[in-house]
Amino acid sequence: MPAYNFQPQFVKMIQEGSKHHTIRRRRKRPTKPGETLKLYTGMRTKSCRLIMEVICTSVVPVRLLRAIGVILDGKLLSHVETVIFASRDGFPVVYDFFDFFDRYSFEVLNNELEVIYWR
């Protein structure tokens, strides 16, 4: 049962159901559709708490390239689609979305990320 940690800023959106996916690096043991996911906040701290358990519905490769945009499952999203995608990921401003992922190297952003969807 895969577990994912979320920063506090995303908890309310997850609980309300407006955030129903997460972008992560691929794992050695990949998450698979049908698996139960445990969503936490504060993992590895005394304040760790379970947000909810959900079922993975799909896992899709994604590339995040600020100069180009978002390539989701091989399709380059339009600017409007990128804004919607970023918003659904918890970022009302698309620039904040790309800033958040700037901590990763180009190699990771271009080859090693996936979107994990749940219901």
Side-chain angles (χ1 to χ4, degrees):
M1 197 175 314
Y4 290 97
N5 186 55
F6 290 87
Q7 294 179 3
Q9 70 198 46
F10 301 114
V11 173
K12 186 176 180 184
M13 290 183 71
I14 292 168
Q15 291 171 327
E16 293 173 344
S18 58
K19 179 173 173 65
H20 54 85
H21 71 261
T22 186
I23 300 169
R24 302 294 170 123
R25 289 181 80 160
R26 278 189 225 113
R27 294 177 164 197
K28 281 185 181 180
R29 186 202 161 282
T31 300
K32 297 180 178 115
E35 287 186 305
T36 299
L37 311 177
K38 289 191 171 201
L39 311 182
Y40 288 93
T41 189
M43 283 177 76
R44 298 183 192 93
T45 70
K46 289 181 182 180
S47 61
C48 179
R49 71 179 178 88
L50 178 67
I51 303 168
M52 63 177 35
E53 289 186 16
V54 294
I55 304 297
C56 176
T57 56
S58 65
V59 179
V60 178
V62 66
R63 297 166 63 196
L64 305 177
L65 305 170
R66 187 185 292 261
I68 298 169
V70 175
I71 302 172
L72 184 62
D73 204 15
K75 177 188 179 259
L76 177 63
L77 300 184
S78 70
H79 177 70
V80 171
E81 290 169 323
T82 298
V83 169
I84 292 168
F85 182 76
S87 175
R88 289 181 177 162
D89 198 49
F91 300 92
V93 178
V94 74
Y95 301 106
D96 293 342
F97 172 78
F98 283 109
D99 286 347
F100 184 83
F101 288 98
D102 272 350
R103 65 180 180 233
Y104 293 111
S105 69
F106 173 80
E107 185 64 29
V108 170
L109 294 173
N110 194 34
N111 294 307
E112 298 178 25
L113 298 178
E114 58 191 12
V115 184
I116 299 157
Y117 291 93
W118 63 77
R119 60 172 162 80

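We number each residue from 1, following the sequence as shown. Model, not experiment: these values are computed from the prediction.
- The heavy-atom pair separating Pro2 from Glu35 by the smallest distance is CG-OE1, 3.6 Å.
- For the side-chain contact (heavy atoms from CB on, under 4.5 Å) criterion with Gln9, the lone passing option out of Met13, Gln7, Lys12 is Gln7.
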Task: Derivation and outcome, salt bridge (charged side-chain N to carboxylate O under 4.0 Å, His left out), residues Glu112 and Arg26 - done: CA-CA 6 Å; Glu112 298 178 25; Arg26 278 189 225 113; over 6 Å; no
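- Distance check, rounded to the nearest 0.5 Å: CZ of Arg63 to NZ of Lys75 gives 14.5 Å.
- Closest approach of Thr31 to Cys56, counting heavy atoms only: CG2-SG, 3.9 Å.
- Hydrophobic clustering (ILVMFWY, side-chain heavy atoms < 4.5 Å, transitive): Ile14 and Val115 are in one cluster.
- Shown here for Gln15 and Ile51, the closest heavy-atom pair between the two residues is CG-CG2, 3.8 Å.
- In the hydrophobic clustering of ILVMFWY residues, with side-chain heavy atoms under 4.5 Å counting as a link, Val62 and Val60 come out together.
- By the criterion of side-chain heavy atoms lying less than 4.5 angstrom apart, applied directly or through intervening Ile, Leu, Val, Met, Phe, Trp or Tyr residues, Ile23 is grouped together with Leu72 in one hydrophobic cluster.
- Between Leu64 and Leu113, the shortest heavy-atom contact is CD1-CD1, 3.8 Å.
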Under 3.5 Å donor-acceptor pairs involving side-chain atoms of residues 84-98, not counting sequence neighbours:
from	atom 1	to	atom 2	distance (Å)
Asp89	OD1	Lys19	NZ	2.8
Asp89	OD1	His21	NE2	3.3

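- The CE atom of Met1 sits 9.5 Å away from atom CG of Leu37, with the distance rounded to the nearest 0.5 Å.
- With sequence neighbours left out, the side-chain hydrogen bond (donor to acceptor under 3.5 Å, both in side chains) criterion links Thr22 to Arg24.
- When the side chains of ILVMFWY residues are joined at heavy-atom separations under 4.5 Å, either directly or via intervening members, Val11 and Met52 end up in a single hydrophobic cluster.
- Geometrically, Arg119 does not engage Tyr117 in a cation-pi contact defined by less than 6.0 Å to the ring centre and at most 45° from the axis.
- Between Phe101 and Tyr104, the ring-plane angle classifies as parallel under the 30° and 60° cut-offs.
- The two residues Ser58 and Pro33 make their nearest non-hydrogen contact at CA-CG, 3.9 Å.
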